[in-house]
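No hydrogens, no waters, no symmetry mates; every other heavy atom, side chains included, goes into these values.
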Amino acid sequence: MKVAIVGAGIAGPTLAYWLWRYGHEPTLIEKAPRLRTGGYAVDFWGGGYAVAERMGLTAELHSTGYAVQDVRLVNRHSRRVGGFSVDAFRRNVDGRFVTVPRGDLAAMIYRCIDGHVETLFGEAVSAITHDDSGVRLTFERGGPRIFDLVVGAGGIHSPVRDLVFGAEAAFEADLGYRVAAFEAEGYRPRDELVYLAYNAPGRMVGRFAMREDRTLFLFVFTADHMSGRDPQNLAEVNNTLRDIFGDAGWECPEILRQLDGAADVYFDRVSQIVMDHWSQGRVALIGDAAAAVSLLAGEGAGLAMVQAYILAGELNCAAADHREAFRRYEQRLRPIVESRQRSARGFAAMFAPKTALGLWVRNQASKLLNVPQVADWAVRREFRDDIELPEYAV
């Protein structure tokens, strides 16, 4: 089958890889002129880790990623007020855990298909029409093309979902937080293999030391800290962060000064995508386009890879019956995704409690994770991912 995949983040290239391995003809379509870099780091484990193993990426994951040792919560004087060792988490997922920059993960997946799969960078889909015979894509630059199937893998703001299923507002559940991230070089101090975070009510800023003397900064804050609409460009994002964190204390003044040298700052709503169905006719959605659990849930990248793996396997098993493949894909994954979405709605509030009392409670609760029995129970209850991947013949 000829399958157009719109979006070259995590889900899209993973789907392209497995379809190519099964002998199909995927075409990857990405609006950006090249692979996107920057963003934030993701904790990678569970089903996504298992898919990466089957793609032969384990060694590269660990050489590129980071074996984080400690989550440290500090006050404005940099004194520890909470946090926990990551050992319990790693122990309860059998050591199959790594923290990796999202852009690096996307790049290593794409290298698996580079030279094997047609990729259209700098191209966007402007119209989609589909019937029993196929799907016609109209592009902003190139001429129209016909495919057997189209898969939207363009993330939470998926253009395919907008064109086929309806406007984003009909499916987005805004959790009431905003997130921003950027990298800077030469920042001091550095705390190696430690995720360090400072909170004021409704605001959190964290930093993580990376290789090549880079530091990743992450901001999370409640939407009510903004006076108007979400910022629309880099200058507005920077001004928003300065307005919200300028008086927050700790290292915030120096961190905000680093914005002046940042070529790219990631900013978005913390949202989920909730849909009654993930396919329509010859068009399907995967990853955040279909069922974003939210950026703060911690497992979106892994779930996207699982969705891609299962969709490719089901399409191959079903031969020409894409309807049956789409049905089985959704049947296998919907209970897992909906469970993760329920957990994430509560977990997001842990990043930026809205009151001083809420911060104190969160900090004290985090210390309990240093008790092995408590940590083991919490990880098994909330985070252990026992997704059993189907075996599909290649």
May I ask you to decide if [Y]'s main-chain N or O and [X]'s side chain share a donor-acceptor pair within less than 3.5 Å?
X    : Y    : answer
N316 : A312 : no
E60  : M108 : no
N233 : A235 : yes
R203 : P353 : no
Q69  : A67  : yes
R54  : Y309 : no
R80  : N75  : no
R242 : P253 : no
E30  : A8   : yes
R90  : V68  : yes

Honestly curious: do [X] and [Y] fall in one hydrophobic cluster under the side-chain, below-4.5 Å linking rule?
X    : Y    : answer
V86  : Y195 : yes
M204 : M350 : yes
I128 : I146 : no

Looking just at side-chain N and O atoms, do [X] and [Y] make a donor-acceptor pair shorter than 3.5 Å?
X    : Y    : value
T58  : E53  : no
H277 : E330 : no
T119 : Y110 : yes

Legend entry - Remaining members of hydrophobic cluster (4.5 Å side-chain criterion), V274: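 Other cluster members: none.
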Inset, instruction - Could you check Y266, F245, Y177 and say which one makes a ring-ring contact (aromatic ring centres under 6.0 Å, His included) with F219? - result: F245
Inset, instruction - With rounding to the nearest 0.5 Å, note down the distance linking CZ in F171 to CD1 in I156. - result: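 F171 CZ to I156 CD1: 13.0 Å, rounded to 0.5 Å.
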Legend entry - Shortest non-hydrogen separation from I286 to A11 and the atoms involved: CD1-CB, 3.6 Å
Could you tell me whether [X] and [Y] have their ring centroids closer than 6.0 angstrom?
X    : Y    : result
F89  : F97  : yes
W278 : F165 : no
Y66  : F208 : yes
F217 : Y187 : yes

Charged N-O contact under 4.0 Å between [X] and [Y]:
X    : Y    : value
D224 : K354 : no
E123 : K31  : no
E236 : R229 : yes

I'd like to know whether [atom1] of [X] has more than 12 heavy-atom contacts from other residues, nucleotides or ligands below 6.0 angstrom.
X    : atom1 : answer
E254 : CD    : yes
K2   : NZ    : no
R34  : CZ    : no

Inset, instruction - Any side-chain hydrogen bond (donor to acceptor under 3.5 Å, both in side chains) involving residues 134-150? Give me the pairs, sequence neighbours left out, ordered by first then second residue. - result: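 Residue pairs with at least one partner in residues 134-150: E118-R145.
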Inset, instruction - Look at the rings of W18 and Y22 and say which category their plane angle falls in: under 30° parallel, 30 to 60° tilted, over 60° perpendicular. - result: tilted
Legend entry - Sole candidate of V194, D191, L216 that passes side chain to side chain contact (heavy atoms under 4.5 Å, CB included) when paired with R207: D191
Legend entry - Contacts of type side chain to side chain contact (heavy atoms under 4.5 Å, CB included), residue S85, not counting sequence neighbours: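 Side chain to side chain contact (heavy atoms under 4.5 Å, CB included) list for S85, sorted by chain: D87, N370.
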